Amino acid sequence: AAMRVGHPDLVAPILSRALGAFAARREITVDRLSDTMLLSDAISASAPAGFEDGYVSLSIADRDEGLELRVGPMKGGGAEQLRASLDLPDVGGSLEALADEVRVEHDDEGEFLVVGIAALAA
């Protein structure tokens, strides 16, 4: 599923519902679903800053190994900035720990933040 969201206030509800719909297709624990929603909220809050035209581009892939969220393409430095926004300096950690993989990819279109959430079966 791919989407472009034009208003920053709509990113969080759209992303959380889309991720929730994909996650619901699997057997999941309440804790794992909560982790996914926390990541969704954090990404939604900071993602709009990475897009020059005001439209946040997202895609969610349902793979054998789990879900993969791709945010982008973003302007130069946008994906790294979004990744850094997951840090929690007050507690000395990062929301990245809630994902199984977080990486930044580059291609001709721009930068992407890629978040992998392993198969959610208990």
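All figures in this text were calculated on a predicted structure; none of them were measured in a lab.
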Counting distance only, does the side-chain N/O of Glu111 pair as donor-acceptor with the main-chain N or O of Ala79 below 3.5 Å? yes

Taking every heavy atom of Ala99 against every heavy atom of Val115, the minimum-distance pair comes out as CB-CG1, 3.7 Å

When you group the ILVMFWY residues by side-chain heavy-atom contacts below 4.5 Å and let the links chain together, are Val114 and Leu38 in the same group? no

Mind running side-chain contact (heavy atoms from CB on, under 4.5 Å) on Val56 and Leu58 for me, showing each step along the way? CA-CA 7 Å; Val56 175; Leu58 312 158; 3.9 Å; yes

Can Glu52 and Lys75 be counted as an ion pair, charged N to O under 4.0 angstrom? no

Reported CG-to-CG distance for the pair Leu86 and Leu113, which is rounded to 0.5 angstrom: 6.5 Å

Tightest non-hydrogen contact, residues Ala18 and Ile60, listed as CB-CD1, 3.6 Å

Identify whether the distance between the nearest side-chain nitrogen and carboxylate oxygen of Arg103 and Glu96 falls below 4.0 Å. no

Leu69 reachable from Tyr55 in the ILVMFWY side-chain graph, under 4.5 Å edges: no

Between Ser16 and Pro13, is there a donor-acceptor pair closer than 3.5 Å when you use the side chain of the first and the backbone of the second? yes

Membership question, hydrophobic clusters at under 4.5 Å side-chain separation (ILVMFWY): are Phe22 and Ile43 in the same one? yes

Measuring from Asp87:CG to Leu95:CG, what's the distance to the nearest 0.5 Å? 8.5 Å

Using side-chain contact (heavy atoms from CB on, under 4.5 Å) as the criterion, list what pairs up with Ser34, not counting sequence neighbours. Val30

Drop me the distance from Ser59's OG to Met3's CE, to the nearest 0.5 angstrom. 8.0 Å

Taking all non-hydrogen atoms of both residues into account, name the closest pair between Met74 and Phe51 and its distance. CG-CZ, 3.4 Å

How long is the span from the OG atom in Ser44 to the CE atom in Met37, to the nearest 0.5 Å? 9.5 Å

Please report the closest heavy-atom contact between Ala47 and Leu82, naming both atoms and the distance. N-CD1, 3.7 Å

One pair to check against side-chain contact (heavy atoms from CB on, under 4.5 Å): Glu68 and Glu101. What are the steps and the verdict? CA-CA 9 Å; Glu68 182 179 89; Glu101 179 181 15; 5.5 Å; no

Kindly give the heavy-atom pair with the smallest separation between Gly6 and Pro8, and that separation in Å. O-CD, 3.8 Å

Mind checking salt bridge (Lys or Arg N to Asp or Glu O under 4.0 Å) for Arg4 and listing every partner two or more places apart, or none if nothing turns up? Asp53

To the nearest 0.5 Å, what is the distance between CG (Leu19) and CG (Asp41)? 10.0 Å

Looking at Ala118, is its backbone amide N or carbonyl O close enough to the side chain of Asp100 to form a donor-acceptor pair, meaning the two atoms are under 3.5 Å apart? yes

How many angstroms lie between atom OG of Ser40 and atom CG of Leu98, to the nearest 0.5 angstrom? 12.0 Å

Non-hydrogen atoms of Val102 and Arg83 that approach each other most closely: O-NH2, 3.0 Å

